Amino acid sequence: FMRRLQTSILRHYDGKIDSENFVWAIDDTANPRYGKKMFRTGHWHGSSGPWFGQKILVLALVDIKRGISLPIAYTIASKKEDSEYKKGHDLAIDLLKEAIGIGYPTIPVVVDTWFDSKELMKAIENMGMTYVGELKSNRKVKGNPGPNVRWVSLKEIFRDHPRVRVRTCFDSEKVKKRKHKAKVASQKRLWIRGRSSPLNVIAVYNRRNGRKAFGYYVTTDLSMPRARLWELSRGRWKIEVMFRDLRQNLSFGVLPCGGQEGADVAICIPMLILVSLRLRPKEIWELDGDTI
């Protein structure tokens with residue numbers, strides 16, 4: 001199922017997947033399931049609290065111009081006590097290698113705070129791709145790698161740094177028409193623990209005189225402008241929209257199937273339908289593509 005899905009998306013874009021208009025997005029989603037024979041179910045902890053079921057890690061292709069996210073590959077995570085256990089960043093690299101191996105290009109990779117490890121940053125760089133992610137707000141950083149320079153909080157290092165407004169293709173119509181103000185960002189080159197080379201970091205605020213940033217975003221591309229970094233970080237939310245559509249409209253993971261094959265079917269079929277709805281609505285579903 002997934003191999004056919006991967007090749008169909010490649011054919012649809014016909015070599016037009018470039019680093020300007022596309023990014024990879026990686027995230028995991030909860031799939032609550034109950035039963036003794038359900039594949040890789042267990043107790044997990046997420047941002048919304050504890051839950052029981054499957055933890056599914058998904059690699060999605062985000063089309064920035066169209067504002068859509070398409071599932072390319074996935075894996076069902078295992079618990080630490082399982083013999084097949086792998087860390088989250090290792091699973092993410094496996095998914096990226098799978099996609100690159102069948103012909104997808106090396107475009108930027110966007111993740112959230114759960115994947116801000118220095119190991120993942122280095123692995124993505126070694127594959128010839130750019131890492132873009134959100135830093136945990138409690139990270140300690142340095143503005144200079146010198147041994148006598150103390151580690152400080154992100155809030156402290158950005159406190160009095162100059163800020164400018166940043167605009168992206170994901171701004172609301174009111175922002176684009178200048179009826180509402182765009183976000184404000186401050187940019188610095190910083191070092192984190194365990195990494196010898198610097199990172200390009202932005203702090204994003206709602207107001208120019210805001211005291212607290214609502215997010216810190218980072219990339220290994222030191223030449224990336226702050227507006228582009230903010231745009232790619234906003235593009236990551238398209239994978240969250242994809243998860244919502246899969247669960248609410250396409251019964252993602254709901255099929256009452258036990259075992260590994262049943263779990264795969266319950267995941268793959270909704271993904272196949274979603275991609276066909278977004279890429280071939282008229283040919284297959286006789287629908288207007290603008291309404292999907």
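For clarity, every value in this text was computed on a predicted model and none was experimentally measured.
Follow the hydrophobic side-chain contacts under 4.5 Å out from Val58 and you never reach Val241; the two are in separate clusters. Taken together through direct or relayed side-chain contacts under 4.5 Å among Ile, Leu, Val, Met, Phe, Trp and Tyr, Ile72 and Ile269 form part of one hydrophobic cluster. By the rule that hydrophobic residues join a cluster once side-chain heavy atoms approach within less than 4.5 Å of another member, Leu232 and Val111 end up as members of separate clusters. No path of Ile, Leu, Val, Met, Phe, Trp and Tyr side chains, each step under 4.5 Å between heavy atoms, connects Tyr13 with Val62, placing them in separate hydrophobic clusters. Hydrophobic clustering places Ile267 together with Met242 (ILVMFWY residues linked when any side-chain heavy atoms are closer than 4.5 Å, directly or through intermediates).
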Steps toward salt bridge (charged side-chain N to carboxylate O under 4.0 Å, His left out) verdict (Arg278, Asp63): CA-CA 11 Å; Arg278 288 183 171 172; Asp63 184 332; over 6 Å; no

From CA spacing to verdict: ring-ring contact (aromatic ring centres under 6.0 Å, His included), Trp24, Phe115: CA-CA 13 Å; Trp24 293 120; Phe115 297 91; over 10 Å; no

Evaluation steps, salt bridge (charged side-chain N to carboxylate O under 4.0 Å, His left out), between Asp171 and Arg178: CA-CA 10 Å; Asp171 289 339; Arg178 307 300 174 97; over 6 Å; no

Check against side chain to side chain contact (heavy atoms under 4.5 Å, CB included), Met224 and Val132: CA-CA 10 Å; Met224 185 180 292; Val132 178; 4.3 Å; yes

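Using a distance-only test at 3.5 Å, with no hydrogens or angles considered, a donor-acceptor pair links the side chain of Tyr104 to the main chain of Gln6. In terms of modelled atom types and a separation under 3.5 Å, the side chain of Arg193 and the main chain of Lys118 share no donor-acceptor contact. Put simply, the side chain of His161 gets close to the backbone of Gln187: a donor and an acceptor are under 3.5 Å apart. Using a distance-only test at 3.5 Å, with no hydrogens or angles considered, a donor-acceptor pair links the side chain of Thr219 to the main chain of Tyr131. Without hydrogens or angle criteria, Arg165 side chain to Val184 main chain gives no donor-acceptor distance under 3.5 Å. The main-chain N or O of Phe170 is found under 3.5 Å from a side-chain atom of Arg234 such that the two form a donor-acceptor pair. Without hydrogens or angle criteria, Lys55 side chain to Ala30 main chain gives no donor-acceptor distance under 3.5 Å. Side-chain N or O atoms of Ser19 include none that pairs as donor or acceptor with a backbone N or O of Ile107 at under 3.5 Å. At distances below 3.5 Å, not a single donor-acceptor pair connects side-chain atoms of Asp82 with backbone N or O atoms of Tyr85.
For the pair Phe22 and Lys16, the tightest heavy-atom approach, listed with the atom from each and the gap, is CE1-O, 3.3 Å. In terms of heavy-atom proximity, Phe158 sits nearest to Lys188 at CE2-CG, 3.7 Å. Scanning all heavy atoms of the two residues, the minimum distance from Pro162 to Ser186 falls at O-OG, 3.0 Å. What you find for Leu279 and Arg66 is that their closest heavy atoms are CD2-NH1, 3.6 Å. Shortest non-hydrogen contact noted between Leu95 and Leu57 is CD1-O, 3.8 Å. Considering all non-hydrogen atoms of both residues, Ile239 and Ser69 come closest at CA-OG, 3.7 Å.
The pair Lys238-Asp27 does not meet the salt-bridge criterion, since no charged nitrogen lies less than 4.0 angstrom from a carboxylate oxygen. In summary, Glu125 and Arg195 engage in a salt bridge, as defined by a charged side-chain N under 4.0 Å from a carboxylate O. Using a cutoff of 4.0 Å between basic side-chain nitrogens and carboxylate oxygens, Arg228 and Glu231 are scored as salt-bridged.
Within the cation-pi definition used here (under 6.0 Å to the ring centroid, within 45° of the axis), Lys142 does not qualify as a partner of Trp191. A cation-pi contact, defined as under 6.0 Å to the ring centre and within 45° of the axis, links Arg163 to Tyr205. A cation-pi geometry, defined here as NZ or CZ lying under 6.0 Å from the six-membered ring centre and within 45° of its normal, holds between Lys79 and Trp44.
Distance check: Tyr217 OH to Arg236 CZ gives 8.5 Å after rounding to the nearest 0.5 Å. Leu5 contributes atom CG, which lies 11.5 Å from atom CD1 of Ile273 (distance to the nearest 0.5 angstrom). To the nearest 0.5 Å, atoms CD (Glu98) and CG (Leu96) are separated by 10.0 Å. Put simply, CD1 on Ile56 and CG on Asp28 are 9.5 Å apart, with the number rounded to the nearest 0.5 Å. Atom-to-atom distance recorded for Ile17:CD1 and Leu10:CG is 5.5 Å, nearest 0.5 angstrom. Going from atom CD1 of Ile202 over to atom CH2 of Trp230 covers 7.0 Å, rounded to the nearest 0.5 Å.
Side-chain contact between Val275 and Pro71 is present, with heavy atoms from C-beta onward closer than 4.5 Å. At a threshold of 4.5 Å between non-hydrogen side-chain atoms, the residues Ile93 and Met127 count as touching. By the 4.5 Å heavy-atom criterion applied to side chains, Leu61 and Ile9 are counted as neighbours. The shortest side-chain heavy-atom distance between Cys169 and Lys65 does not fall under the 4.5 Å cut-off. Residues Asp90 and Lys87 are in side-chain contact: their nearest non-hydrogen atoms beyond the backbone lie under 4.5 Å apart. Residues Ile68 and Leu70 have side chains in contact (heavy-atom distance under 4.5 Å, counting atoms from C-beta outward). Looking at heavy atoms from C-beta onward, Ile192 lies in side-chain contact with Arg139 at the 4.5 angstrom threshold. You'll find the side chain of Met2 reaches within 4.5 Å of the side chain of Tyr74, heavy atoms only.
When each of Leu199, Leu135, Ile157 is paired with Leu190, the side-chain contact (heavy atoms from CB on, under 4.5 Å) condition holds for Ile157 and for no other. Partner of Lys136 under the side chain to side chain donor-acceptor pair (under 3.5 Å) criterion, out of Asp112, Asp116, Thr113: Asp116 alone.
The 12-atom threshold is exceeded at CD of Glu156, counting heavy atoms of other residues, nucleotides or ligands nearer than 6.0 Å. Counting non-hydrogen atoms of other residues, nucleotides and ligands closer than 6.0 Å to NZ of Lys97 gives a total of 12 or fewer.
Counting only N and O atoms by type, the side chains of Asn206 and Lys183 include a donor and acceptor under 3.5 Å apart.
Taking the six-membered ring for Trp and the full ring otherwise, Phe252 and Phe243 have centroids separated by 6.0 Å or more.
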